[in-house]
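Because the structure is predicted, anything quoted here is derived from the model rather than measured. Nothing fancy with the numbering, it's 1 onward along the sequence. The figures here come from the full heavy-atom set of this structure, side chains too, leaving out hydrogens, waters and symmetry mates.
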Amino acid sequence: MTTSFDPNPAARLLAQVWHGTQQIVELPVDIRPSSIDQGYDVQDRLIALLGVPVVGWKLGVGSAKLKQQSGVERSIAGRVLATRRHEPGA
């Protein structure tokens, strides 16, 4: 029997950390995504919980060498939030 992944517990923890002073090294195993798609599901839910406008995108693991080293097949996209954007010259 396959259980579907619920992104809510991970997103709630990340939102709590985002708004607080606690730092974490990694997500607990029982709520950690096991694929890039599940990670994107967590990211989608986190953005919804934070309620901060998205103003752009950033790309990680862009080069072929980094993809090979990290074991991922494609680049990783993340959102740039309005509260984390710096104006030109900042």
Side-chain angles (χ1 to χ4, degrees):
M1 178 171 143
T2 304
T3 347
S4 63
F5 176 74
D6 180 5
N8 288 304
R12 282 193 299 268
L13 175 60
L14 291 170
Q16 178 184 348
V17 170
W18 181 279
H19 291 299
T21 57
Q22 172 192 8
Q23 293 185 358
I24 59 173
V25 175
E26 59 188 17
L27 288 170
V29 174
D30 60 324
I31 63 171
R32 186 180 305 160
S34 60
S35 70
I36 292 174
D37 289 337
Q38 289 178 357
Y40 281 130
D41 291 343
V42 172
Q43 186 181 97
D44 291 344
R45 187 67 194 123
L46 173 62
I47 296 301
L49 289 171
L50 294 177
V52 177
V54 174
V55 295
W57 292 88
K58 57 186 175 180
L59 184 66
V61 195
S63 73
K65 182 178 180 178
L66 283 175
K67 289 176 198 165
Q68 182 182 22
Q69 288 174 342
S70 65
V72 299
E73 297 174 1
R74 62 183 195 229
S75 297
I76 311 277
R79 293 168 179 98
V80 176
L81 303 179
T83 56
R84 303 294 179 166
R85 177 186 62 194
H86 300 283
E87 295 297 327

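Hydrophobic clustering, with ILVMFWY side chains joined whenever heavy atoms are under 4.5 angstrom apart, groups V42 together with I31. One hydrophobic cluster, built from ILVMFWY side chains closer than 4.5 Å, cannot hold both F5 and I36; they sit in different ones. Neither L27 nor I76 shares a network with the other; the hydrophobic side chains, linked directly or stepwise wherever heavy atoms of I, L, V, M, F, W or Y lie under 4.5 Å apart, form separate groups for each.
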With a cut-off of 3.5 Å and sequence neighbours excluded, list every side-chain donor-acceptor pair involving residues 51-63.
from : atom 1 : to  : atom 2 : distance (Å)
S63  : OG     : L66 : N      : 3.1

Show the atom names and distances, to 0.1 Å, of all donor-acceptor pairs under 3.5 Å that link a side chain in residues 12-19 to residues at least two apart or in another chain.
none

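Counting side-chain heavy-atom gaps under 4.5 Å among Ile, Leu, Val, Met, Phe, Trp and Tyr, V29 is found in no cluster with other residues.
In terms of heavy-atom proximity, G39 sits nearest to P33 at N-CB, 3.6 Å.
Applying the side chain to side chain donor-acceptor pair (under 3.5 Å) rule to R79 yields the partners Q43, D44; only residues at least two apart in sequence or on another chain are considered. Among residues two or more places apart in sequence or in another chain, the side chain to side chain donor-acceptor pair (under 3.5 Å) test is passed with Q68 by none.
Counting heavy-atom neighbours within 6.0 Å of E73 CD, excluding the residue itself, gives a total of 12 or less.
Identified under the side chain to side chain donor-acceptor pair (under 3.5 Å) test for residues 20-31, with sequence neighbours left out: E26-R32.
Taking the side chain as every heavy atom from C-beta outward, Q38 and P7 never approach each other to under 4.5 Å.
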